[in-house]
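The basis for the numbers below is simple: all heavy atoms, side chains too, and nothing from hydrogens, waters or symmetry mates.
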Amino acid sequence: MMADVMLVGHCGPDAIMLKTVVQRALPEASVELVNDQAALDAALAGDVVLLVNRELDGAFHAGTGGIDLIRQLAQSDSPPPMLLVSNFEDAQSEAQAAGAMPGFGKSNLYHEDTAQRLKDAVSHFE
């Protein structure tokens, strides 16, 4: 069984691009857009990989950015694999320090490294 991939806090156009990239790397994965805390909480009940936007778009807890969200979720008993979507290297470093796997930026969506990072994330459930 393949884990579901949740696009957390992305705007519509970015979500369409990300869904294409995920489905190219992981053809059997279900990909859903999550833009509020209730939908995220529901998604976390299953085997999910989170692709978290650096600047969350949607209705999440006030003042919560993508790295804050990663930090919060990393404190749970069994945090899901999380990857930050950001072109900023400092944000990537901070996200990894907070508990994320190596992520990627929108400028690298079609690089082989990105596909491999997605495959590595879902391999946690195999």
| query | What are the two closest heavy atoms between Pro80 and Leu44, and how far apart are they? | reply | CG-CD2, 3.7 Å

Taking distance alone, no hydrogens or angles, what donor-acceptor pairs closer than 3.5 Å link side-chain atoms of residues 17-27 to residues at least two apart or in another chain?
from: Thr20; atom 1: OG1; to: Ile16; atom 2: O; distance (Å): 3.0

| task | Could you walk me through whether Arg54 and Val85 pass the side-chain contact (heavy atoms from CB on, under 4.5 Å) test, one step at a time? | result | CA-CA 6 Å; Arg54 184 179 60 85; Val85 179; over 6 Å; no

| field | Pairwise distance NZ(Lys119) to OG1(Thr114) - rounded to 0.5 angstrom | value | 11.5 Å

List, one per line, each side-chain donor-acceptor pair under 3.5 Å for residues 98-111, sequence neighbours excluded.
from: Lys106; atom 1: NZ; to: Asp14; atom 2: OD2; distance (Å): 2.5
from: Ser107; atom 1: OG; to: Asn87; atom 2: OD1; distance (Å): 2.9
from: Asn108; atom 1: OD1; to: His111; atom 2: ND1; distance (Å): 3.4

| task | Would you give the length of the straight line joining atom CG of Leu33 to atom CG of Asp57, rounded to the nearest 0.5 angstrom? | result | 8.5 Å

| query | Any donor and acceptor pair, going by atom type alone, linking the side chain of Asn35 with main-chain N or O of His10 inside 3.5 Å? | reply | yes

| said: I'd like to check Met6 versus Leu40 (side-chain heavy atoms, cut-off strictly below 4.5 Å). Are they in contact? | reply: no

| remark: Tightest non-hydrogen contact, residues Ser30 and Asp4, listed as CB-OD1, 3.1 Å

| query | Got a donor-acceptor contact below 3.5 angstrom from the Gln37 side chain to the Ala59 backbone? | reply | no

| query | Between Gln72 and Asp68, do the side chains contain an N or O donor and an N or O acceptor separated by less than 3.5 Å? | reply | no

| If you measure from CD1 on Ile67 to CD on Glu94, what distance do you get to the nearest 0.5 Å? | 4.0 Å

| task | Check each of Leu83, Val8, Val34 against Leu51 using the side chain to side chain contact (heavy atoms under 4.5 Å, CB included) test, and report the only one that passes. | result | Leu83

| If only atom types and distance count, is the side chain of Asn53 paired as donor or acceptor with the main-chain N or O of Gly9 below 3.5 Å? | yes

| remark: Correct closest heavy-atom pair for Ala91 and Ser86 would be CB-OG, 3.8 Å

| field | Gap separating the CG atom of Asp47 from the CD atom of Glu126, nearest 0.5 angstrom | value | 11.0 Å

| message | Given 3.5 Å as the limit, does a donor-acceptor pair link the side chain of Glu32 with the main chain of Leu7, or not? | response | no

| message | When you measure from the side chain of Thr64 to the backbone of Phe60, do you find a donor-acceptor pair of N or O atoms at a distance under 3.5 Å? | response | no

| Got Val122 and Leu118 here, is their nearest side-chain heavy-atom distance under 4.5 Å? | no

